[in-house]
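In what follows, every heavy atom counts, from backbone to side chain, and hydrogens, waters and symmetry copies are set aside.
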Amino acid sequence: MAETRIHPSAVIEPGAEIGAGVEIGPFCVVGPQVRLADGVVLKSHVVVTGETSIGTETVVFPFASVGEIPQDLKFRGERARLEIGARNRIREYVTMNPGTEGGGGVTVIGDDGLFMAGAHVAHDCRIGNRVILVNNASVAGHCVLEDDVIVGGLSGVHQFVRIGRGAMIGAVTMVTADVIPHGLVQGPRGHLDGLNLVGLKRRGASRTDIAALRDLLGALGQGSFRDTARARAENDATSLERDVLDFILAPSERSFLTMKS
């Protein structure tokens with residue numbers, strides 16, 4: 001592991017924990033409750049504050065603000081945390097907020113994510129592994145994005161929405177309801193537009209698995225998602241079908257995005 005390097009203009013407040021091989025560039029500010037794991041890089045002009053932990057080899061680019069208080073008027077200074085996993089790329093002007101008392105007190109970011117310039121992750125979100133937020137995508141409070149989700153540029157995800165594993169949200173889309181795993185959503189007011197075939201193929205899904213998902217999607221379009229999922233759950237299913245069925249039957253305060261009629 002390379003030696004830790006801290007630029008003389010950086011401000012590291014007493015109490016901050018700095019791992020081995022960390023690089024902190026010019027004019028960065030690191031708060032007293034921050035923990036930077038081994039190999040973390042803060043390029044320059046980065047602010048990391050609050051009770052925030054950043055995992056191994058994550059790189060944060062200039063002018064990102066990580067761990068500042070939530071943009072929630074109900075926040076009253078209660079203890080709240082932000083936990084960021086390993087090997088993430090957090091690009092310029094990204095903002096990530098900790099949790100609130102009303103949402104469990106913690107925001108969690110998984111591993112190997114890419115958060116492009118201007119993206120925002122709000123309070124109490126849970127973001128999975130290998131998630132990509134394209135430029136200026138915004139995720140509101142209390143959302144869940146499962147593994148391998150991609151949210152297109154300038155898109156917005158409404159609070160309390162869940163986006164299932166492997167789903168893709170097109171650019172300039174407003175997502176106001178839950179998105180099934182491996183779904184494709186696009187349009188100014190987002191609707192389900194089939195399956196994320198590109199993502200499925202990239203992850204090695206077979207033609208048989210994709211055909212089974214298409215059949216399930218067709219069945220879901222014939223009635224209530226939850227009623228259909230309950231009926232299908234009693235039968236044998238592929239692992240990808242099980243992703244969708246389990247997601248639909250899980251507790252949620254939202255309805256589901258459906259196919260455009």
Would you call [X] and [Y] a side-chain contact if the rule is heavy atoms closer than 4.5 Å?
| X | Y | value |
| --- | --- | --- |
| Ile24 | Val40 | no |
| Thr258 | Leu192 | no |
| Leu133 | Leu114 | no |
| Val29 | Val48 | no |
| Val11 | Phe27 | no |
| Lys74 | Thr100 | no |

Identified side-chain contact (heavy atoms from CB on, under 4.5 Å) counterpart of Cys125 within the set Leu82, Val106, Val139: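 Only one of Leu82, Val106, Val139 forms a side-chain contact (heavy atoms from CB on, under 4.5 Å) with Cys125, namely Val139.
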
Given Val179, which of Leu184, Val185, Leu145 fulfils the side-chain contact (heavy atoms from CB on, under 4.5 Å) condition?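 Result for side-chain contact (heavy atoms from CB on, under 4.5 Å) with Val179: Val185.
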
Where at least one partner belongs to [range], residue pairs that pass salt bridge (Lys or Arg N to Asp or Glu O under 4.0 Å), sequence neighbours excluded:
| range | result |
| --- | --- |
| residues 163-192 | Asp148-Arg165, Arg162-Asp178 |
| residues 197-222 | Asp215-Arg232 |
| residues 252-261 | none |
| residues 12-23 | Arg5-Glu23 |

Considering only Ile, Leu, Val, Met, Phe, Trp and Tyr, and joining two whenever side-chain heavy atoms are under 4.5 Å apart, list the other residues clustered with Val41.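 Direct or chained contacts put Val41 with Val59, Phe61.
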
How about [atom1] on [X], more than 12 heavy atoms from neighbouring residues, nucleotides or ligands closer than 6.0 Å, or not?
| X | atom1 | result |
| --- | --- | --- |
| Phe63 | CZ | yes |
| Asp236 | CG | no |
| Arg35 | CZ | no |

Strictly by ring pair (Phe, Tyr, Trp, His ring centres under 6.0 Å), give each pair with a member in residues 131-150 just once, sequence neighbours left out.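 Checked against ring pair (Phe, Tyr, Trp, His ring centres under 6.0 Å) - neighbours excluded - the pairs reaching residues 131-150 are His123-His142, His142-Phe160.
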
side-chain hydrogen bond (donor to acceptor under 3.5 Å, both in side chains) against [X], all qualifying residues, sequence neighbours excluded:
| X | answer |
| --- | --- |
| Thr95 | His120 |
| Arg89 | none |
| Glu68 | none |
| Arg87 | Asp112 |

Compute whether any side-chain donor of one residue and acceptor of the other, for Asp124 and Thr107, lie under 3.5 angstrom apart.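 Checked: Asp124/Thr107 side chains show no N/O donor-acceptor pair below 3.5 Å.
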
Do Val144 and Val151 share a hydrophobic cluster, counting only Ile, Leu, Val, Met, Phe, Trp and Tyr and linking them when any side-chain heavy atoms are less than 4.5 Å apart?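 No, it is not one cluster - the side chains of Val144 and Val151 are not joined through contacts under 4.5 Å.
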
Identify whether Leu216 and Leu197 are in the same connected component of the hydrophobic contact network (ILVMFWY, side-chain heavy atoms under 4.5 Å).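 Same cluster: Leu216 reaches Leu197 through Ile, Leu, Val, Met, Phe, Trp or Tyr contacts under 4.5 Å.
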
List in chain and number order the residues that pass salt bridge (Lys or Arg N to Asp or Glu O under 4.0 Å) with Arg230, two or more places apart in sequence or in another chain; answer none if no residue qualifies.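 Scan of Arg230 (salt bridge (Lys or Arg N to Asp or Glu O under 4.0 Å), adjacent residues dropped) gives Asp227.
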
Could you tell me which residues satisfy side chain to side chain contact (heavy atoms under 4.5 Å, CB included) with Leu154, sequence neighbours excluded, listed by chain and number?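 Partners of Leu154 under the side chain to side chain contact (heavy atoms under 4.5 Å, CB included) test: Asn136, Val172.
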
